[in-house]
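Since the structure comes first, as structure tokens, the remarks are kept for the end.
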Protein chains: 2
Amino acid sequence: MKSEQKNITIQHVAERAGVSKMTVSRVLNHDSKVSDSTRTKVMDAVQELNYRPNISARQLAGSKSYFIGLLYDNPSQGYVSQFLLGALKRCRASGYHMVVDECQGGLQDKVRMTRDFVNTTRVDGVILLPPLCDIPEVLDTLKQSGTPFVRIAPDVDLEASPYVCMDDYQAAYEMTNELIQAGHRDIAFIIGHPNQGASRLRYQGFLDALRSNRINCPPEYIEQGYFTYKSGLQAATKLLGLGNRPTAIFASNDDMAAAVTSAAHIHGLSVPEDVSVVGFDDVELASSLWPPLTTIRQPIAEMAEAAIELIRSGKLNNERTLRRSDYRHVIDFELVRRESLRTKNEAISQRSVG
Amino acid sequence: MKSEQKNITIQHVAERAGVSKMTVSRVLNHDSKVSDSTRTKVMDAVQELNYRPNISARQLAGSKSYFIGLLYDNPSQGYVSQFLLGALKRCRASGYHMVVDECQGGLQDKVRMTRDFVNTTRVDGVILLPPLCDIPEVLDTLKQSGTPFVRIAPDVDLEASPYVCMDDYQAAYEMTNELIQAGHRDIAFIIGHPNQGASRLRYQGFLDALRSNRINCPPEYIEQGYFTYKSGLQAATKLLGLGNRPTAIFASNDDMAAAVTSAAHIHGLSVPEDVSVVGFDDVELASSLWPPLTTIRQPIAEMAEAAIELIRSGKLNNERTLRRSDYRHVIDFELVRRESLRTKNEAISQRSVG
DNA sequence: CTGAAAGCGCTTACAG
DNA sequence: CTGAAAGCGCTTACAG
């Protein structure tokens, strides 16, 4: 149907370069040993003809599809697009393309969609975003199909597949230290959604940093949130209404931190003059708010790049060649310093223990 | 390489059903006339074998790739993922898959990436998101390649291709009427980014609604914004500091409306008691803020579905069969009523003219 | 309404 | 280091 200009095939390139199709194929796949002179001839022909290999033919004939699948479930707003950014960057560099799909419905639907997805697209590998990556039945389906897969920030069953993550614990630990370095002793914390492992790790990092600095944290300084703006608003309202109001509030994500900022305004308090606020994630909101949030930049794009690289390298295709270091990729985070955190000079904290 | 279970091919299905491969192919493509009895036999065999056609083979042999491309440039946070949601839904229903890519860099890079994308993926059609869809050179490249494409909310050169959009003008008109119905006469407006057509249309809708209600709008009630939270904050600060403070503020998008809410708090004003605030888009933020925003729900997912349907239908492949009604698809918006807008009973407006 | 043949554009063995 | 042959799993004409 499609009115297309005459397709340039490997045959045309071969003729132009005066070699066989086979040789062209070898050059294109950075394969085997080809003499430099023929390699040059072939590459020139490719250039002149502006030749692009037909991906379908490659898929059908070979073992690789040059497609990588991205499957997700219900991630927070903007997470997918930020992830895609990094994934596409790496794909571009290596001739791959991303096929994206969302798994919806109940457990059975998700399993069926996963199976159909790998069967029809024949992707070389699949990347699973949280929380989909924590559904054992989905992982089993993928294993049965023989399709390699990488998980992003998984929470359970870490032995099930290679994965890429960041160190939530360490990040929260360092952020808490940052607050302490700035002179804060009365630091409140808003916990993330209880069904996510990251919430637990961030909370633990906070607690341990306080402990190693011998700072006490009264129970009323800990509030349970759910990663939503609304839950942050409720938590902040309680915290800011306390008689022993904290001088700093550490929210487990930026949405909640943004809510803390709003709540402070409602209470007639200035950020960071009256209360410092820090978040986690470095989403777009964090830097568009006023004051912009000191936060932890979650390296979503870098995690995507690492995942693509794992699949592309082919390491996942053979259990035996898969080394320990390929199994767990921890990507560095970054503590981003902005105006929402201010050094507290007067140590008027009522309960400073250290 | 990939350790896969023995692939079930069309041949297996044909044998099981006791027919030729050709007949199986016909059934699968809802093609031609096949007798009901053979159709049933084939479908049963497909079921029993859990057969999925190999998409690569289909692509190579046939004219369709069963892939649809999504190309974008630099859309606002969450726009892509929201668009994908709708697109994937429709794809699932018809055996298609989405191949996503981002065009980066300068004009030449974008053109080259567009060309390479269609050449290597052989997608059946491309969907272009704004603002990429307004680059003439990209459109030309696509035309030359013979790949059909649909644009989403284009701003220029509307004759260049079929497109899907919503009526920004009408939406702003209706929202303004909503404010007027609620008794507001002193209504301020924050304009969107000047480089986007939607900004112009929304502003015009606002002005015309006021005019047709014979309501005057002093120049100090109009502020230029840039669709960012920060620009909204600056605009709101000016508006709320006016001697003749408006009783309602209409921001051209939700991010700016959210900023207006924050600014109100900073000024010690309550929303909606002291000032009503309305936005545009209905992004996630709009309903997670407190108070949640009255806004216009932009039907991004529905626009995506319509675009997929256009490509899938094959209507775009033939200029002559393309009817006027296929060219411009306007999707309905929805005015979402929430707590940020309150009826103003006391008509204390100083300059009400009507 | 159904089928036998050819071919889509590559890559995988197998030779040399 | 290079090539001739076969085949990947489908669909497109062409017959009947």
Reckon B/Ser25 has a side-chain N or O less than 4.0 Å from the OP1 or OP2 of D/dT11?
yes
Is any side-chain N or O of B/Thr23 closer than 4.0 Å to OP1 or OP2 of C/dT2?
no
Please tell me which of the listed nucleotides, D/dT2, C/dC10, D/dC10, lies nearest to the side chain of A/Ala61?
C/dC10
Is a donor on one side and an acceptor on the other found under 3.5 Å between the side chain of B/Asp134 and the backbone of B/Pro154?
no
Got a donor-acceptor contact below 3.5 angstrom from the A/Asp109 side chain to the A/Gly106 backbone?
yes
So which protein N/O to nucleotides 4-6 of chain C N/O distances come out below 3.5 Å?
none

Please list all pairs passing the ring pair (Phe, Tyr, Trp, His ring centres under 6.0 Å) test where one or both residues lie in [range], with sequence neighbours left out.
{"range": "residues 98-147 of chain B", "value": "A/His97-B/Phe117"}
{"range": "residues 121-161 of chain A", "value": "none"}
{"range": "residues 42-65 of chain A", "value": "none"}

Does anything in residues 302-311 of chain B pair up under salt bridge (Lys or Arg N to Asp or Glu O under 4.0 Å), and if so which pairs, sequence neighbours excluded?
B/Lys89-B/Glu305, B/Arg90-B/Glu305, B/Arg90-B/Glu309, B/Arg297-B/Glu302, B/Glu309-B/Arg312
Could you state the [atom1]-[atom2] distance from [X] to [N], rounded to the nearest angstrom?
{"X": "A/Leu60", "N": "C/dC8", "atom1": "CG", "atom2": "C1'", "answer": "9 Å"}
{"X": "A/Gln11", "N": "C/dG7", "atom1": "CD", "atom2": "C1'", "answer": "14 Å"}
{"X": "B/Arg58", "N": "C/dG9", "atom1": "CZ", "atom2": "P", "answer": "19 Å"}
{"X": "B/Ile10", "N": "D/dC8", "atom1": "CD1", "atom2": "C1'", "answer": "14 Å"}
{"X": "B/Leu28", "N": "D/dG9", "atom1": "CG", "atom2": "C1'", "answer": "12 Å"}
{"X": "B/Tyr66", "N": "C/dC8", "atom1": "OH", "atom2": "P", "answer": "19 Å"}

Please enumerate all residues that pass side-chain hydrogen bond (donor to acceptor under 3.5 Å, both in side chains) together with A/Thr38, with sequence neighbours excluded.
A/Ser35
List the residues meeting side-chain hydrogen bond (donor to acceptor under 3.5 Å, both in side chains) with B/Asp116, not counting sequence neighbours, and say none if there are none.
A/Arg52
Close residues, residues 45-57 of chain A, relative to DNA chain C [heavy-atom separation under 4.0 Å]
A/Tyr51, A/Pro53, A/Asn54, A/Ala57
Could you tell me which residues satisfy salt bridge (Lys or Arg N to Asp or Glu O under 4.0 Å) with B/Asp140, sequence neighbours excluded, listed by chain and number?
none
Mind listing the side-chain donor-acceptor pairs of residues 155-164 of chain B below 3.5 Å, one per line with the distance, residues two or more places apart or on another chain?
{"residue": "B/Asp155", "atom": "OD1", "partner": "B/Arg200", "partner atom": "NH2", "Å": "3.3"}
{"residue": "B/Asp155", "atom": "OD2", "partner": "B/Gly197", "partner atom": "N", "Å": "3.2"}
{"residue": "B/Ser161", "atom": "OG", "partner": "B/Arg151", "partner atom": "NE", "Å": "3.0"}
{"residue": "B/Tyr163", "atom": "OH", "partner": "B/Arg328", "partner atom": "NH1", "Å": "2.9"}

How does DNA chain D read in dot-bracket, base by base from 5' to 3', with Watson-Crick or G-U pairs under 3.5 Å and | used when the partner is on another strand?
|||.||||||||.|||
Can I get a per-line list of side-chain donor-acceptor pairs under 3.5 Å for residues 17-24 of chain A, giving both atom names and the distance, sequence neighbours left out?
{"residue": "A/Ser20", "atom": "OG", "partner": "A/Met22", "partner atom": "N", "Å": "3.4"}
{"residue": "A/Ser20", "atom": "OG", "partner": "A/Thr23", "partner atom": "N", "Å": "3.3"}
{"residue": "A/Ser20", "atom": "OG", "partner": "A/Thr23", "partner atom": "OG1", "Å": "3.3"}

